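A quick write-up on the structure given underneath.
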Amino acid sequence: MTTRTPQGLDRREIARWVARDIPDGAYVNLGIGMPETIAECIAEDKEVILHTENGLLGMGPPPPPGEEDTELINAGKQPVTAAPGASFFHHADSFAMIRGGHLDICVLGALEVAANGDLANWSTGAAHAVPAVGGAMDLVSGVKAVYVMTRHCTRAGEPKLVNECRYPLTGRGVVDRVYTDLAVIEITPQGLAVLELAPGVTLADVAERTAAPLHDKRSTRRESHPDGNSAPSERSGIP
Amino acid sequence: MIDKRFADPSAAVRDIGDGATLMVGGFGEAGSPVELIDALIEQGAGDLTVITNNAGSGTTGLAALIKAGRVAKMICSYPRSADSEVFAEQYRAGRIRLELVPQGTLAERIRTAGAGIPAFYTPTAVGTSLAQGKPHRRFDDRECVLEHALGADVALIKAAAADRHGNLVYSKTARNFAPLMATAAETTIAQTSVVVGLGSLDPEAVVTPGIFVDRVVLIGRSPQRLDPSGSETGWL
């Protein structure tokens, strides 16, 4: 169906795109997997406080080899460090931060995002899969801005941005913005709106790989490259 | 005189019966009360309902309890682990039931049980399969689902340090569910690698006040000696 496959961004470039839009001073929860890369891409002149729902605010980078502490881990159960100014707390406090609307942004992975902001990211519904949800449903119901970071299509080339999710939902109408290898897309009352395209990618490329109508809202956002050097647009920041 | 210290893990878990509902602290391996679980496996209680975040990793602790066929039902948020198939095998074989609960709802159900609140409304999971069949109610234009408090007969938790009154402090992210579970079980058993003399824990820094803890077991010394002064270490 397509004559040309746009190159798009790699994982780290998408992460830089998200990191660029996280404002100084934000309290942020990064989901397990792809979004974890964002932590390494936040500019040094920004103070962004990372929350990990197992009980740490002020998560630092992974420790050097040999200095891992089995009792200092992140939600993905990987060894981390506590940054200066960090705090530890129990799960009820951790989810009060989440559910109580104290976190500014969370960035999650996705199986599918629908044009109305529905998110499916916890279960494929496969008969023999063990269902596991973790904190995803709490995050999408409580964090002020819910961003998704994902490849635009599945490995099989199926669009992940759809009219209606087929997989079991994590939340209804919860996603604010999607960062993919091809574009930054906002969920609006009118549906999916393209805010930005990756270098070398056209609106037609994105439309061809999206199973829902797309609006073009690029005029409201300054063109920028996801290398973090350009100034954030007026659309960036905490909604 | 209050002295909640037990000589060893076996003594501390001796009276846990078949069919008990058990809370087990830990997020992955961080905060997992492995020695208490090992003692429970040896003790033999079965048909257990286990409330915990994960369903065991590797082959020890909770994974070993499940593998031994002692768990009839798990109530947890994330029963998947990269390094353990123990739960998955039993689940697929229909030998273990699962109640899947969003992580924050699990924490709050435990917290409310300990706080004497029988149920609460939350927006978490509304519109998903995990809210199906539960009463809903709208507050300030926000649809919420009714969730019930979740208590237990026994909580097994891991602390970093304790005193003979059961005051506890924890280590980093090993804290996770333990302070909540301590409040929500009829009997709370805390294992610790350090027992300090009464008055050695800074009251400002105590995370779990001793009123929530029934038994304290020092791990890592054998045989255990119960020092009448209440101090088994020079720590602090």
Side-chain angles (χ1 to χ4, degrees), chain A residues 32 52-57 59 69-82 86-101 117-120 122-123 125 127-142 165 167-174, chain B residues 27-32 53-55 57 76-83 85 87-89 91-92 98 100-108 110-112 114-115 122-131 142-144 158 160 170-183 207-208:
Chain A
I32 298 166
T52 182
E53 61 266 29
N54 54 313
L56 167 61
L57 193 63
M59 180 175 69
D69 181 342
T70 56
E71 299 195 326
L72 182 45
I73 60 173
N74 65 12
K77 305 187 178 72
Q78 299 304 309
V80 294
T81 51
S87 53
F88 296 114
F89 36 82
H90 60 59
H91 257 66
D93 279 352
S94 187
F95 282 84
M97 294 175 197
I98 292 171
R99 207 189 304 98
D118 288 358
L119 172 67
W122 71 282
S123 167
H128 287 284
V130 175
V133 65
M137 290 183 182
D138 306 281
L139 284 161
V140 300
S141 79
C165 294
Y167 292 123
L169 292 185
T170 307
R172 285 193 194 276
V174 294
Chain B
F27 181 89
E29 289 305 285
S32 178
N53 192 61
N54 307 107
S57 52
C76 62
S77 88
Y78 205 86
R80 273 207 299 258
S81 163
D83 66 351
E85 276 292 300
F87 173 81
E89 283 164 10
Y91 176 74
R92 290 192 190 107
L98 170 66
L100 192 70
V101 183
Q103 198 171 334
T105 298
L106 181 64
E108 192 63 10
I110 296 168
R111 192 195 73 80
T112 50
T122 175
T124 299
V126 166
T128 77
S129 57
L130 297 189
R142 189 110 201 250
E143 190 74 1
C144 293
K158 181 183 182 181
Y170 301 92
S171 170
K172 308 181 186 82
T173 56
R175 183 182 309 194
N176 55 71
F177 284 89
L180 312 176
M181 291 176 169
T183 70
V207 177
T208 293

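Because the structure is predicted, anything quoted here is derived from the model rather than measured. The figures that follow rest on heavy atoms only: side chains count, while hydrogens, waters and symmetry mates do not. Naming: A, B, ... by sequence-line order, numbering from 1 per chain.
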Inset, instruction - Check for a donor-acceptor pair, side chain of B:N54 on one end and backbone N or O of B:G28 on the other, with a separation under 3.5 Å. - result: yes
Legend entry - A:D118 side chain vs A:G173 backbone, donor-acceptor pair below 3.5 Å: yes
Inset, instruction - Among the options A:G55, A:S94, A:A92, pick out the one with the most heavy-atom pairs lying under 4.5 Å from chain B. - result: A:A92
Inset, instruction - Mark yes or no for whether A:D138, through its side chain, and B:T124, through its backbone, hold a donor-acceptor pair below 3.5 Å. - result: no
Legend entry - Region of A:S123 in contact with chain B, defined by heavy-atom distances below 4.5 Å: neither
Legend entry - N-O pairing of B:E85 and B:R92 below 4.0 Å: yes
Inset, instruction - Find the one option among B:T128, B:V101, B:N53, B:I110 whose heavy-atom pairs under 4.5 Å with chain A are most numerous. - result: B:T128
Legend entry - Pick from A:N74, A:V130, A:T70, A:L56 with the largest number of heavy-atom pairs that fall under 4.5 Å of chain B: A:V130
Inset, instruction - Pick whichever of B:A174, B:S129, B:G104 has the most heavy-atom pairs under 4.5 Å with chain A. - result: B:G104
Legend entry - Among the listed options A:A86, A:A82, A:A136, A:P131, the residue most often paired with chain B at heavy-atom distances under 4.5 Å: A:P131
Legend entry - Chi angles and distances behind the side chain to side chain contact (heavy atoms under 4.5 Å, CB included) call for B:L98, B:Y91: CA-CA 8 Å; B:L98 170 66; B:Y91 176 74; 3.7 Å; yes
Legend entry - Residue among B:R142, B:E29, B:R175 with most heavy-atom pairs under 4.5 Å to chain A: B:R175
Inset, instruction - Could you look at B:Y170 and say if it's the side chain, the backbone, both or neither that has a heavy atom under 4.5 Å from chain A? - result: neither
Legend entry - Side-chain H-bond candidate by donor/acceptor type, B:S171 with A:E71, under 3.5 Å: yes
Inset, instruction - Would you check if there is a donor-acceptor pair between the side chains of B:E108 and B:T122 at a distance under 3.5 Å? - result: no
Legend entry - Among B:C76, B:G31, B:P123, residue most engaged with chain A (heavy-atom pairs, under 4.5 Å): B:P123
Legend entry - Heavy-atom contact with chain B under 4.5 Å, split by part of A:D69: side chain
Inset, instruction - Under 4.5 Å, counting heavy-atom pairs only, tell me which of B:A55, B:G127, B:S57 racks up the most with chain A. - result: B:G127
Inset, instruction - Count the heavy-atom pairs under 4.5 Å between each of A:G135, A:S141, A:G134 and chain B, then report the option with the highest count. - result: A:G134
Legend entry - NZ or CZ of A:K77 within 45° of B:F27 ring axis and under 6.0 Å: yes
Inset, instruction - Please flag which part of A:F95 lies under 4.5 Å from any non-hydrogen atom of chain B: side chain, backbone, both or neither. - result: side chain
Inset, instruction - Using modelled atom types only, decide if a donor and an acceptor are shared between the side chain of B:T173 and the backbone of A:N54 within a distance under 3.5 Å. - result: no
Inset, instruction - Under 4.5 Å, counting heavy-atom pairs only, tell me which of B:V126, B:L130, B:V207 racks up the most with chain A. - result: B:L130
Inset, instruction - Taking A:R99 for its side chain and A:L139 for its backbone only, find out whether a donor-acceptor pair lies under 3.5 Å. - result: no
Legend entry - Under 4.5 Å from any heavy atom of chain B - which part of A:L72: both
